[in-house]
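Below is one structure; the comments refer to it alone.
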Amino acid sequence: MINDVELLQDICESSEMGRDSIMHVIKLTDDPGFRKTLETQLTEFANMYDTADKMLQERGSRPSSVGPVAKAASYVTATMKTLKENTPSCIAEMMIQGSTMGITKLTRQLNEYDGSDDSAARLAQKQLKTEQANIDEMKKFL
């Protein structure tokens, strides 16, 4: 079982990974509609991170950061995939894959959560809904 601090840290990590990924790929597109969608998702990830961070601070904790190896692997993968093709379709596919991984990890964490804090569970559910909405939005660019 995991506690509310661990769940909130997972939300921070997932949000940080999403935010960093978007900041990397947003520079690769000139498509105004796609760019606007990415900017909206970037704001959502930043807001989710800030909310989880605040909740952690209220509990006397701080967010854990995504490890440098995971960040580097994500950056290298995105760079290699977009060297060949940096169309909205290619980037959207990568974003869908990332959001799917985020949903999988957070669902696993919620299943292991001890349920001691409704606000942490609600935030995790909100993150899951946001990730699914992001996937649905990215599908429009495939």
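Being a predicted model, the structure only gives us computed values, none of them experimental.
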Report, as yes or no, whether the 6.0 Å neighbourhood of atom CG on Asp30 holds more than 12 heavy atoms from other residues, nucleotides or ligands.
no
Do Met101 and Met17 have side chains that get closer than 4.5 Å, going by heavy atoms?
no
How far does OG of Ser21 sit from CD1 of Ile91, to the nearest 0.5 angstrom?
11.5 Å
As an exercise, state the distance from CD of Glu131 to CG of Asp136, rounded to the nearest 0.5 Å.
11.5 Å
As an exercise, state the distance from CE of Met94 to NE2 of His24, rounded to the nearest 0.5 Å.
7.0 Å
Can you confirm whether Glu16 sits close enough to Pro63 that some side-chain heavy atom of one is under 4.5 Å from a side-chain heavy atom of the other?
no
Closest heavy-atom pair, Leu7 versus Ala120, reported as atoms and distance to 0.1 Å, is CD2-O, 3.8 Å
Is it true that, when you exclude Arg59 itself, more than 12 heavy atoms of the residues, nucleotides or ligands shown sit nearer than 6.0 Å to its CZ?
yes
All side-chain contact (heavy atoms from CB on, under 4.5 Å) counterparts of Asn47, not counting sequence neighbours
Thr43
Evaluate the criterion side-chain contact (heavy atoms from CB on, under 4.5 Å) for residue pair Ser14 and Gln127; output intermediate values, then yes/no.
CA-CA 9 Å; Ser14 179; Gln127 172 112 2; 3.1 Å; yes
One should read off an interatomic distance between Leu8 CG and Glu13 CD, to the nearest 0.5 angstrom, of 11.5 Å
In Å and rounded to the nearest 0.5 Å, what is the CD to CD1 distance from Gln132 to Ile103?
4.5 Å
Do Glu137 and Leu38 have side chains that approach each other closer than 4.5 Å (heavy atoms only, starting at C-beta)?
no
For the hydrophobic clusters of this structure (ILVMFWY residues joined by side-chain heavy atoms under 4.5 Å, transitively), does one cluster hold both Met1 and Leu106?
no
Could you tell me whether the side chain of Met95 reaches within less than 4.5 Å of the side chain of Asn134, counting heavy atoms only?
no
Distance, nearest 0.5 Å, that separates CG of Asp20 from CZ of Phe45
10.5 Å
Heavy-atom pair of closest approach, residues Ser116 and Asp4
OG-OD1, 3.9 Å
Is any side-chain heavy atom of Lys126 closer than 4.5 Å to a side-chain heavy atom of Lys129?
no
Test log, rule side-chain contact (heavy atoms from CB on, under 4.5 Å), inputs Ile26 and Arg35
CA-CA 6 Å; Ile26 200 167; Arg35 187 176 197 81; 4.0 Å; yes
Candidate pair Ile11 and Gln109, rule side-chain contact (heavy atoms from CB on, under 4.5 Å), full reasoning:
CA-CA 10 Å; Ile11 292 168; Gln109 296 304 90; over 6 Å; no
Heavy-atom side-chain proximity of Tyr49 to Cys12 below 4.5 angstrom:
yes
Would you say the side-chain atoms of Asp31 and Thr29 include a donor-acceptor pair closer than 3.5 Å?
no
Please tell me if the side chains of Met48 and Leu123 come closer than 4.5 Å, counting only heavy atoms from C-beta onward.
yes
Non-hydrogen side-chain atoms of Asp50 and Lys54 separated by less than 4.5 Å
no
Take Thr37 and Met138 through the side-chain contact (heavy atoms from CB on, under 4.5 Å) test and state the conclusion after the steps.
CA-CA 8 Å; Thr37 299; Met138 285 290 116; 3.4 Å; yes
